Amino acid sequence: MFNYIRTMAENDSFPIPDLYHPPGEDLVLTDILFALSDPARLEIVRQVASGAVDMAQCHLQNPDAPKSTKSHHMKVLREAGILRNEPAGRGRLLSLRLEDLDRRFPGLMQAVLAAQS
């Protein structure tokens with residue numbers, strides 16, 4: 001079914017819903033390691049590590065992968081607490097939650113990002 005609200009810009013009548021991001025103190029190491037264990041998700045994190053990226057510009061290793069696969073990877077990374085996914089105009093902006101991750105697990109992301117695939 002066509003959802004008219006999804007075609008509208010944010011306003012008082014139809015706010016863009018916020019996606020769930022776990023608080024920094026609630027991050028779980030096993031969730032983070034699971035999210036990073038997939039090569040496609042690790043590549044997304046490496047793309048975002050140098051600075052915020054528009055979700056549409058972030059690409060997967062396999063360009064033939066369906067959009068649903070990309071969305072699933074983004075959801076896993078967001079729910080693990082690795083990425084922040086926020087509205088930016090008509091798109092979404094992805095950023096690495098490095099401060100939260102470093103506070104909870106010092107040095108983890110530096111080690112992950114420095115490791116060669």
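If you're wondering where the values come from, they're calculated on a predicted model, not measured in any experiment.
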Minimum heavy-atom distance [X]-[Y], with the two atoms named:
X     : Y      : result
Leu27 : Gly81  : CD2-CA, 3.5 Å
Ser95 : Ala52  : CB-CB, 4.2 Å
Ala35 : Leu77  : CB-CD2, 4.0 Å
Val28 : Phe105 : C-CZ, 4.1 Å

4.5 Å side-chain heavy-atom contact, [X] and [Y]:
X      : Y      : answer
Val45  : Arg41  : no
Val112 : Ile32  : no
Leu19  : His21  : yes
Leu113 : Arg46  : yes
Leu98  : Gln110 : yes

Between [X] and [Y] (side chain of the first, backbone of the second, donor and acceptor by atom type, cut-off under 3.5 Å), is there such a pair?
X     : Y     : result
Ser71 : Ser68 : no
Arg92 : Met55 : no
Arg78 : Tyr20 : yes

Glu79: partners by side chain to side chain donor-acceptor pair (under 3.5 Å), with sequence neighbours left out: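 Testing Glu79 for side chain to side chain donor-acceptor pair (under 3.5 Å), a comparison that skips the adjacent residues, returns none.
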Path from Val76 to Leu33 over hydrophobic side-chain contacts below 4.5 Å: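 In one cluster with Val76: Leu33, no.
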Neighbour count >12 (heavy atoms, 6.0 Å) for atom NZ, Lys70: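 Counting neighbours around NZ of Lys70, more than 12 heavy atoms of other residues, nucleotides or ligands fall under 6.0 Å, so yes.
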Crowding at CD, Glu25 (>12 non-hydrogen neighbours, <6.0 Å):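 Check passes, neighbour count above 12.
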Working for side-chain contact (heavy atoms from CB on, under 4.5 Å), residues Met109 and Leu36: CA-CA 10 Å; Met109 291 308 295; Leu36 295 172; 4.1 Å; yes
For Arg84, the option from Leu96, Leu93, Leu94, Asp100 that meets side chain to side chain contact (heavy atoms under 4.5 Å, CB included):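 Output: one option passes, namely Asp100.
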Straight-line distance of Lys67 NZ to Met74 CE, nearest 0.5 Å: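 Taking NZ in Lys67 and CE in Met74, the distance rounds to 12.5 Å.
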